[in-house]
Structure formats: structure tokens, C-alpha cells
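Note sheet for the following structure.
Remember, it's a predicted structure, so these values are computed and weren't measured experimentally.
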Amino acid sequence: QVQLAESGGGSVQAGGSLTLSCSVTEYTYGSACLKWFRQTPGKEREAVATFYTGGGLAYYTDSVKDRFTISVDYAKKTLYLQMNNLKPEDTAMYYCAAEFLNPKLCPVATMSDFRGWGQGTQVTVSS
């Protein structure tokens, strides 16, 4: 497993914003699949945003579309998740993940497809 360094979680009120960061130095060369997952107690880890560096394509789960933006700063070798208009249901532990995958697999890749993982950062949204 490749350890990625995450930062940026915290507590906000509903309607607020947070930006998560993840160092992806090893994955800014070639075509990599980068994802943000989130997990709440007793539930499976779900992918909320995906970025494929091979074409700059981004994908989002329906519940975060138009509120979350995934992006990569190649100069800083950092993956971001900008989260706006946060809702209490966005409360979760957020994890970044990275792997070299083909473009067809990337959008549907699950936890088991990734070797690079962040340590997780807690996001808490109060109503």
C-alpha cells in the first residue's frame, strides 16, 4: 500500500465550505485514477468524486454534483476536493485514493482497485 498525505477536514455549519488536500506525487506522471471516498460508521466506503489524469475527466456521485469539485494541481502534485454548500449528510471520514488504471475502469473502480490511500480526514457538518 502507498500512503498518501491528506489534510483539510474539520467542522462547519450547513452551507459552509471545506477543501480537502491529498499529496499524489507518485501519481502525477502517466495516467492515474484519483478518487475521493467517504465512509460513515457501519456503512461501506463510497466514491464521491473521481479524476482521471489521462484526460482530465471528472466524475461525481449524484449526491455531490454541483457542490463538490475534484481537481489536481500538477505543479504542487496535490489532489483537491472543494466542497461547497455542505449538508449534514456529508458528515463522514474522507479518504483519497490513487492508482494507475485504464480509463474505462477508473470511473467504476472500487476500494479494492487502489493501492494508494490517504489516512482519512474527518468532515463534520452541523445543521
Expected list for residues 88-109: side-chain donor-acceptor pairs under 3.5 angstrom, two or more places apart:
from, atom 1, to, atom 2, distance (Å)
Asp90, OD1, Arg38, NH1, 2.9
Asp90, OD1, Arg67, NH2, 3.0
Asp90, OD2, Arg67, NH1, 2.7
Asp90, OD2, Arg67, NH2, 3.4
Asp90, OD2, Lys87, N, 2.8
Thr91, OG1, Pro88, O, 2.9
Thr91, OG1, Val125, N, 2.9
Thr91, OG1, Val125, O, 3.4
Tyr94, OH, Arg38, NH1, 3.0
Tyr94, OH, Asp90, O, 2.6
Glu99, OE1, Arg115, N, 3.1
Glu99, OE1, Arg115, NE, 2.7
Glu99, OE2, Arg115, NH2, 2.9
Asn102, OD1, Lys104, N, 3.0
Asn102, OD1, Leu105, N, 2.8

Under 3.5 Å, which donor-acceptor pairs link side chains of residues 14-21 to any protein atom two or more places apart or in another chain?
from, atom 1, to, atom 2, distance (Å)
Ser17, OG, Asn84, OD1, 3.0
Thr19, OG1, Gln82, OE1, 2.4

Self-check item: Residues Trp36, Thr50; criterion side chain to side chain contact (heavy atoms under 4.5 Å, CB included); working and verdict
Solution: CA-CA 7 Å; Trp36 287 98; Thr50 301; over 6 Å; no

Quiz item: Does the side chain to side chain contact (heavy atoms under 4.5 Å, CB included) test come out yes or no for Tyr29 and Lys77, once each step is laid out?
Solution: CA-CA 10 Å; Tyr29 304 97; Lys77 305 186 188 307; 3.2 Å; yes

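Under a 3.5 Å cut-off, the side chain of Gln119 and the backbone N or O of Glu6 do form a donor-acceptor pair. In terms of modelled atom types and a separation under 3.5 Å, the side chain of Ser112 and the main chain of Thr110 share no donor-acceptor contact.
To the nearest 0.5 Å, atom CG of residue Leu4 and atom CD of residue Gln1 are 8.5 Å apart. To the nearest 0.5 Å, atoms OG1 (Thr40) and CD (Glu46) are separated by 7.5 Å. Interatomic distance, OG1 of Thr124 versus CD of Gln13, reported as 12.5 Å (0.5 Å rounding). Atom CD1 of residue Ile70 and atom CZ of residue Phe51 lie 7.5 Å apart, to the nearest 0.5 angstrom. For the atom pair NZ (Lys35) and SG (Cys22), the distance works out to 14.0 Å, reported to the nearest 0.5 Å.
Under the 4.5 Å side-chain heavy-atom criterion for grouping Ile, Leu, Val, Met, Phe, Trp and Tyr, Leu81 is connected to Val72 within one hydrophobic cluster. Linking ILVMFWY residues whenever their side-chain heavy atoms come closer than 4.5 Å, directly or via other members, places Val123 and Val64 in the same cluster.
Closest non-hydrogen pair, Gly30 versus Thr53, comes out as O-OG1, 3.3 Å. Heavy-atom minimum distance, Met83 versus Leu86: CB-CD2, 3.8 Å.
Side-chain atoms of Tyr27 and Leu34, non-hydrogen and from C-beta on, do get closer than 4.5 Å to each other. Proximity of Thr69 to Tyr60: side-chain heavy atoms (C-beta onward) are separated by under 4.5 Å at one or more points.
Identified under the ring-ring contact (aromatic ring centres under 6.0 Å, His included) test for residues 63-84, with sequence neighbours left out: none.
The environment of Glu44 atom CD is sparse: at most 12 non-hydrogen atoms of other residues, nucleotides or ligands sit within 6.0 angstrom.
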